[in-house]
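Just below is one structure, and these are the notes that go with it.
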Amino acid sequence: IAQRKRPGATCLILPENVAELPARPHSHPLPLPRPMHIVPSPDTIVEAAEMIQAAHHPLILAGNGVARSHAKQALLELADQLDIPVATTFEGKGVFPDDHPNALGVVGFMRHDYENFAFDTADMILAIGFSIQQFDPAKINPHDDKTIIHINTFVEDTDAHYSTALNIMADIEPTLRSLVQELRRRNVTFGGVHPRIRDLLRDEYLSCRTDEGFPMKPQRIIYDIRRAVAFGWPVLVDTGALKMWMARLYPKFNPTT
């Protein structure tokens, strides 16, 4: 259970009288089921490509499913082929490198952080490895009027602000590679980057790098940590306001770090 579809902590609660029984001697764990690998049908890939081709301002929202599926490179190829902006969730931070010219950074908890302005003008969201538990879609699709293509290993839960036009329930990495091939065949590309948003994020990241005020500014702390920590080294961040500052401004280039 802990390894299927949505990996994570799994709680098994036994009846009290069963839990108090002694374990049988020479007991062995049950063998784990082999993971199922699902590849999308060619018709589904063609349908997704046709929908993307008909869009005007698509963007990608990448979640932690990209990291779990080891699909970072495939996501990068898709973003480069389409030349569209890419935002990530907090849990997906690092699946798309922050130094990429199309990187929008992390969608935050504020209703209108910098990245959200890109969603305001978008007519399509390619949600890849995303689940609504990672981020409230009401903040990026308040009128439920954007076309959403959902690509993940499971069908998303029902939500009033996340009406999916197409659900692709399959392994993420081969799905993205098949989609890239079909989009290349059709020569689909947009060139819709948002340099102003990147400038705002960069300016805020650098804004307090020489500030000597007390108490220390969050921007100064994040800038100093990034200078001190080697690329690729993991950083563990607690919850609360600190998590939001680190997610928004701390440059990351690899998933699960």
Side-chain contact, heavy-atom cut-off 4.5 Å: [X] with [Y]?
X: H56; Y: M124; value: no
X: V18; Y: P15; value: yes
X: Q181; Y: R185; value: no
X: Y114; Y: R248; value: yes
X: L75; Y: I128; value: yes
X: L61; Y: T88; value: no
X: N141; Y: I148; value: yes
X: N17; Y: L21; value: no

Between [X] and [Y], is there a shared hydrophobic cluster once you connect ILVMFWY residues whose side-chain heavy atoms come closer than 4.5 Å?
X: V39; Y: L78; answer: no
X: Y205; Y: V235; answer: yes
X: V46; Y: I149; answer: no

Test item: [X] side-chain N/O and [Y] main-chain N/O as donor-acceptor pair under 3.5 Å:
X: E77; Y: V180; value: no
X: S27; Y: A23; value: no
X: N102; Y: I84; value: yes
X: Q81; Y: V188; value: yes
X: D136; Y: A138; value: yes
X: K93; Y: A247; value: yes
X: T121; Y: A118; value: yes
X: R198; Y: A103; value: yes

side-chain contact (heavy atoms from CB on, under 4.5 Å) for L126 and L82? Distances and angles first, verdict last.
CA-CA 11 Å; L126 300 177; L82 293 176; 3.9 Å; yes
To the nearest 0.5 Å, what is the distance between [atom1] ([X]) and [atom2] ([Y])?
X: I221; Y: M246; atom1: CD1; atom2: CE; value: 10.0 Å
X: S69; Y: I151; atom1: OG; atom2: CD1; value: 11.0 Å
X: L249; Y: I225; atom1: CG; atom2: CD1; value: 11.5 Å
X: R202; Y: D199; atom1: CZ; atom2: CG; value: 4.5 Å
X: K217; Y: E204; atom1: NZ; atom2: CD; value: 12.5 Å
X: I52; Y: E182; atom1: CD1; atom2: CD; value: 10.0 Å

Is any side-chain N of the basic residue among D98 and K252 closer than 4.0 Å to the acidic one's carboxylate O?
no
From CA spacing to verdict: side-chain contact (heavy atoms from CB on, under 4.5 Å), E173, V66:
CA-CA 8 Å; E173 197 266 350; V66 176; over 6 Å; no
Donor-acceptor pair between [X] and [Y] side chains, under 3.5 angstrom:
X: D83; Y: T189; value: no
X: T44; Y: S41; value: yes
X: S131; Y: Q134; value: yes

Taking all non-hydrogen atoms of both residues into account, name the closest pair between [X] and [Y] and its distance.
X: A87; Y: V107; result: CB-CG1, 4.1 Å
X: P85; Y: L104; result: CB-CD1, 3.4 Å
X: N116; Y: K139; result: ND2-O, 3.3 Å
X: T89; Y: G63; result: OG1-CA, 3.6 Å
X: S207; Y: Q219; result: OG-CG, 3.8 Å
X: P255; Y: A67; result: CB-CB, 3.7 Å

Qualifying ring pair (Phe, Tyr, Trp, His ring centres under 6.0 Å) pairs, either residue in residues 238-257, two or more places apart:
F231-F253
Sequence neighbours left out, what pairs pass ring pair (Phe, Tyr, Trp, His ring centres under 6.0 Å) with at least one residue falling in residues 160-182?
F130-Y162, H150-Y162
Given side-chain contact (heavy atoms from CB on, under 4.5 Å), test F90 with K243 step by step and report yes or no.
CA-CA 9 Å; F90 279 29; K243 178 183 72 174; 3.7 Å; yes
Of all pairs that satisfy side chain to side chain donor-acceptor pair (under 3.5 Å), the ones with a partner from residues 223-239, not counting sequence neighbours:
R220-D224
Using a 3.5 Å cut-off and no angle test, enumerate the donor-acceptor pairs between side-chain atoms of residues 165-172 and protein atoms at least two apart in sequence or in another chain.
residue : atom : partner : partner atom : Å
N167    : ND2  : T164    : OG1          : 2.8
D171    : OD2  : H37     : ND1          : 2.9

What residues, two or more places apart in sequence or in another chain, satisfy salt bridge (Lys or Arg N to Asp or Glu O under 4.0 Å) together with D123?
none
Which residues share a side chain to side chain donor-acceptor pair (under 3.5 Å) with R209, sequence neighbours left out
none
